[in-house]
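Quick notes on the structure that follows.
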Amino acid sequence: MDNALERARQRIEELRREIEYHNYRYYVLDDPVISDERYDALMRELIKLESKYPSLVTPNSPSQRVGGQPREGFATVRHRIPMLSLANAFDEGELRDFDRRVRSALPGEPVEYVVELKIDGLAVSLRYENGLLVTGATRGDGETGEDITANLKTIRAVPLRLLRPVPLLEVRGEVYMSKEAFMRLNETREEAGEPLFANPRNAAAGSLRQLDPAVTASRQLSIFVYGTGEIEGVSVNTHAETLALLKELGFPVNPHHRLLPDIQAVIDYCNRWQEERFNLPYVIDGLVIKVNSLDQQARLGATMKSPRWAIAFKFPAEQAKTKVRDIILRV
Ligand SMILES: NC(=O)c1cc2c(=O)c3cc(F)ccc3oc2nc1N
């Protein structure tokens with residue numbers, strides 16, 4: 001490799017690392033350390049260098065987010081570890097029933113729970129091999145989903161390369177659209193005489209299932225990750241450690257998760273968010289309660305449809321259907 005090409009290769013790798021680091025600061029830590037202008041300048045330099053040396057372009061370069069031509073349709077992807085659905089609890093009593101079932105299956109063992117906000121978006125799975133994003137898919141029926149890799153790559157909060165390589169990692173998360181982005185999108189559609197989206201969840205689903213990635217890229221989607229599927233080459237013992245690992249690797253993890261000692265603390269936390277949620281910049285339709293120990297999760301197992309080690313606490317229906325009017329008033 002002649003030294004001009006070698007120098008370009010080094011500078012390109014340097015720029016990629018720096019851009020990925022600033023994505024981490026902005027989307028994961030919510031604490032950027034450079035201005036948007038400075039960030040854009042780094043991206044422009046990378047794109048200029050790559051267009052001068054096309055042989056140095058790689059599919060996971062930050063410059064390749066909005067690539068690919070519109071598709072005819074979506075290929076299907078098999079989830080080697082099925083993406084199950086959560087059973088629901090609608091009141092305090094049902095949460096206590098869940099706790100009783102868990103404890104009777106683990107006689108005499110201490111059980112602690114991780115509680116997370118239940119983001120009202122679209123469940124997706126992201127597969128990384130040696131730290132590089134290779135496939136992104138919808139949940140589908142839990143066994144097979146749609147390959148929406150090109151669309152997921154356009155979401156700036158989705159890392160194209162992990163901050164440190166892991167042999168194999170499948171991450172599950174919820175793609176969502178903020179209330180603000182939802183309102184702006186509907187205003188634009190109203191001005192264009194296009195049909196409006198009913199709520200941010202439908203807007204996110206509609207935006208992800210676009211055949212043209214450039215349309216998805218224009219829709220301000222984001223993601224919170226909440227778990228893993230296949231994982232090799234790194235070991236974790238609890239769900240709390242899993243969330244910490246995902247954050248370290250470069251994924252946005254919702255900051256309101258809590259490790260709680262018993263079901264009463266879980267109930268108190270759920271009651272608090274029933275009101276607090278209206279101050280959030282995104283829609284939640286409840287909370288998710290999970291047994292923290294992965295060993296206990298494995299022993300509790302799952303039914304055909306749902307894990308026995310997790311449950312969703314759903315807010316009362318009449319309020320859960322966030323009315324567009326509420327979103328507008330509350331933003
Ligand atoms: N929307 C969500 O914010 C959210 C969703 C799920 C799941 O759907 C889910 C499904 C499972 F089979 C197991 C764990 C889960 O954990 C989850 N955790 C979350 N925070």
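First listed ligand is number 1; within each ligand, the first listed atom is number 1.
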Give the C-alpha distance, both sets of side-chain angles, the deciding distance and a yes or no for side-chain hydrogen bond (donor to acceptor under 3.5 Å, both in side chains) between Tyr24 and Asp31. CA-CA 9 Å; Tyr24 171 70; Asp31 177 20; over 6 Å; no
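With a 4.0 Å cut-off on non-hydrogen atoms, Asp120 does not touch ligand 1 at all. At a 4.0 Å heavy-atom cut-off, ligand 1 does not touch His257 at all. Residue contacts with ligand 1, taken as heavy atom pairs separated by less than 4.0 Å, do not involve Ala310 at all.
Checked by distance only, ligand 1 and Ser85 stay at 3.5 Å or farther apart across all their nitrogen or oxygen atoms. Ligand 1 has an N or O atom lying under 3.5 Å from an N or O atom of Ile119, backbone or side chain. Ligand 1 has an N or O atom lying under 3.5 Å from an N or O atom of Glu174, backbone or side chain. Backbone and side-chain nitrogen or oxygen atoms of Lys290 are examined, and one is located within less than 3.5 angstrom of a nitrogen or oxygen of ligand 1.
Under 4.0 Å is where a charged nitrogen must lie from a carboxylate oxygen, and between Glu187 and Arg184 no such pair does.
The shortest distance between side-chain heavy atoms of Leu117 and Arg277 does not fall below 4.5 Å. Contact annotation: the side chain of Tyr282 approaches that of Ile119 to within less than 4.5 Å [non-hydrogen atoms, C-beta and beyond].
Taken to the nearest 0.5 Å, the CG atom of Leu160 stands 7.5 Å off from the CD atom of Glu20.
Taking 4.0 Å as the cut-off, Gly227 does not count as a neighbour of ligand 1 on heavy-atom distance.
Numbered from 1 in the order shown, with element, the atoms of ligand 1 that lie under 4.0 Å from a heavy atom of Leu117 read 3 (O), 20 (N). Numbered from 1 in the order shown, with element, the atoms of ligand 1 that lie under 4.0 Å from a heavy atom of Leu84 read 10 (C), 11 (C), 12 (F).
Scanning the protein for heavy atoms near atom 8 (O) of ligand 1, the closest one is Arg139 NH2, 3.4 Å. Of the protein's heavy atoms, Glu116 OE1, 2.9 Å lies nearest to atom 20 (N) of ligand 1. What sits closest to atom 7 (C) of ligand 1 on the protein, heavy atoms only, is Leu86 CD1, 3.5 Å.
Side-chain atoms of Lys153 come within 3.5 Å of backbone N or O of Pro59 as a donor-acceptor pair. A donor-acceptor pair is defined here as one N or O able to donate and one able to accept, closer than 3.5 Å; no such pair exists between the side chain of Thr216 and the backbone of Leu208.
Ring geometry, Phe251 versus Tyr128: the interplanar angle exceeds 60°, so the pair is classed perpendicular (tilted spans 30 to 60°).
In terms of heavy atoms, Thr149 sits closest to Thr135 at OG1-CA, 3.5 Å.
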